[in-house]
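So you know, we letter chains A, B, ... as the sequences are listed, proteins then strands, and number each from 1. Every heavy atom of this structure was used, including side-chain atoms; hydrogens, water molecules and symmetry mates were not.
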Amino acid sequence: MDYRPLLLDALETLFQKEQAEKQRFKALAYQQVLRQLKQHPGPISTYEDVAHFKGMGPKIEQKIRELLATGSLAAAERAKAAYPIQALHELQRCYGIGPTKARELTEQGITTIDALRAAVEVTPRLLTDAQRVGLTHYEAFLERIPYSEMVEHEDILRHYLPLPCEIVGSYRRRAESSGDIDVLIRVPPSNTISLAQMVKTLQEAHYLTDVLALGAHKCMAACQRDESSTPRRLDLLMVPEEEYAYGMLYFTGSDRFNVAFRQYALERGYTLNEKTMKPLADQPAPPPMNEEADIFTFLGLTYVPPNERMDARQILPLPKDANKRIHKRPVLSAAFAKINRQGEE
DNA sequence: GACAGGCC
DNA sequence: CTAGGCCTGTCC
């Protein structure tokens with residue numbers, strides 16, 4: 001008997017319930033187990049199938065054991081009676097609607113995207129400008145963007161932007177699809193062009209169609225290659241030259257690779273974020289990093305090309321003897337490559 | 001100007 | 001303890 005579908009439903013329910021009750025860390029705990037369950041390919045028939053998951057404490061263990069033994073979970077059933085779980089889930093898939101707004105809407109009797117669309121026709125101020133854009137493009141923003149289309153966006157952006165830029169995220173890791181388009185713009189000290197000006201240029205080219213948020217350094221927007229193509233989520237980030245290498249490393253991910261990378265930096269006495277690297281104690285301050293590879297070298301790490309950046313397994317000290325490198329470097333297995341292709345943002 | 005909500 | 005910062009909108 002495969003309890004995987006029941007387990008997914010029960011844990012998703014409890015995740016929504018904790019979110020509705022603003023129990024951030026409880027929600028996080030369910031989310032962590034849910035993510036691993038979704039990645040787990042095979043059926044779940046005994047507790048041993050999930051015992052090795054990260055973040056399995058006594059509370060979640062008890063709940064899973066109950067579901068495996070009885071086929072249902074009392075806590076999840078109670079949550080379903082107390083909250084419109086399905087409605088909260090559906091509404092939160094809309095860009096700009098989080099737990100609070102979703103709960104507010106369900107309390108007004110709005111429980112589906114269709115109902116929300118009808119309500120917003122009558123009362124536009126039910127949502128903010130950005131949320132209305134999210135609602136308009138609800139289906140489109142849930143779609144994934146094929147790699148081949150990402151290449152086209154890159155061409156368009158390079159054509160219109162007056163500064164060097166790169167699409168980062170899972171696209172740079174060569175994932176076969178991406179969730180959105182993350183663009184880093186390299187800003188030299190001499191720069192006089194504002195982000196607002198660049199946004200205007202992209203709007204006049206009829207590429208950028210909606211602005212969700214626009215500040216001095218960051219723009220969140222929607223874009224389209226042409227009138228008939230699917231609208232996509234676009235993020236533009238202005239990054240000063242001296243921070244660019246750190247920005248590239250950070251926004252290229254993957255998340256797990258970043259966590260491992262920052263942990264390793266800590267062991268070497270440095271704290272790392274998306275802008276810079278600082279010495280912890282009496283370490284020397286790092287020199288300017290012109291490109292990503294400089295950061296690897298400075299920390300004594302073997303450079304990892306973006307498409308191999310998956311998790312801690314790629315964090316390897318530089319070999320003392322270059323000849324040994326051939327034997328020390330693990331070969332990318334098909335299974336690893338598959339994980340990478342999932343292309344989480 | 002502080003704070004909350006949401007996103008990355 | 002589980003990130004921290006950016007942007008928007010609201011309230012006073």
* Any side-chain donor-acceptor pair under 3.5 Å between Glu12(A) and Gln16(A)? -> yes

* Asked: Is the number of heavy atoms from other residues, nucleotides or ligands under 6.0 Å of His159(A) NE2 greater than 12?
  -> no

* Asked: Reckon Ala216(A) touches a base, only the sugar-phosphate, or nothing at all at heavy-atom distances under 4.0 Å?
  -> sugar-phosphate

Within the sub-3.5 Å range, which N or O atoms of nucleotides 8-12 of chain C have a protein N or O partner, and how far apart are they?
{"unit_1": "dT8(C)", "atom_1": "OP1", "unit_2": "Leu214(A)", "atom_2": "N", "d": "2.7"}
{"unit_1": "dT8(C)", "atom_1": "OP1", "unit_2": "Leu214(A)", "atom_2": "O", "d": "3.1"}
{"unit_1": "dT8(C)", "atom_1": "OP2", "unit_2": "Leu214(A)", "atom_2": "O", "d": "3.4"}

* Leu234(A) and Val133(A): same hydrophobic cluster, using ILVMFWY side-chain contacts below 4.5 Å? -> no

* To do: Considering only heavy atoms of chain A and a distance under 4.0 Å, specify the first and last nucleotide of DNA chain B in 5' to 3' order that meet this criterion.
  => dG5(B) to dC8(B)

* Does any pair with a residue in residues 290-304 of chain A pass salt bridge (charged side-chain N to carboxylate O under 4.0 Å, His left out), and if so which ones, sequence neighbours excluded? -> Arg172(A)-Glu292(A), Glu292(A)-Arg309(A)

* Asked: Starting at CG of Asn273(A) and ending at P of dG4(C), how long is that distance when rounded to a whole Å?
  -> 10 Å

* Closest non-hydrogen atom pair between Lys26(A) and Glu18(A), with its separation -> CD-OE1, 3.6 Å

* To do: Answer yes or no: is there a side-chain heavy-atom contact under 4.5 Å between Met1(A) and Ser45(A)?
  => no

* To do: Classify the nucleic acid contact of Asp235(A) as base, sugar-phosphate or nothing, counting any heavy atom under 4.0 Å across all strands shown.
  => sugar-phosphate

* Structure fact -> In terms of heavy-atom contacts, Ala76(A) and Thr13(A) come closest through O-CG2, 3.6 Å

* **His40(A) and Asp49(A): side chain donor to acceptor below 3.5 Å** => no

Every protein N/O within reach of nucleotides 1-3 of chain C N/O, cut-off under 3.5 Å:
{"unit_1": "dA3(C)", "atom_1": "N1", "unit_2": "Tyr250(A)", "atom_2": "OH", "d": "3.3"}

* Check every strand shown and say whether Lys275(A) touches a base, only sugar-phosphate, or nothing at a heavy-atom separation below 4.0 Å. => sugar-phosphate

* **Check: Tyr83(A) and Gln19(A) side chains under 4.5 Å, non-hydrogen atoms** => no

* Asked: Does the side chain of His153(A) come under 3.5 Å of the side chain of Glu149(A) through a donor N or O and an acceptor N or O?
  -> yes

* Apply the test side chain to side chain contact (heavy atoms under 4.5 Å, CB included) to residues Phe257(A) and Ile315(A): give CA-CA distance (whole Å), side-chain angles for both, the deciding distance (0.1 Å), then the verdict. => CA-CA 8 Å; Phe257(A) 179 82; Ile315(A) 306 294; 3.6 Å; yes

* Quickly work out the Phe251(A) CZ to dG4(C) P distance and round it to whole Å. => 15 Å

* Salt-bridge test for Asp155(A) and Arg225(A): reply yes if a basic N is under 4.0 Å from a carboxylate O, no otherwise. => no

* Asked: Any salt bridge (charged side-chain N to carboxylate O under 4.0 Å, His left out) pairs touching residues 108-131 of chain A, not counting sequence neighbours?
  -> Arg117(A)-Glu139(A), Asp129(A)-Arg132(A)

* Pull out every residue in residues 95-113 of chain A that has a heavy atom closer than 4.0 Å to any atom of DNA chain B, ordered by number, or say none. => Tyr95(A), Gly96(A), Ile97(A), Gly98(A), Pro99(A), Thr100(A), Lys101(A)

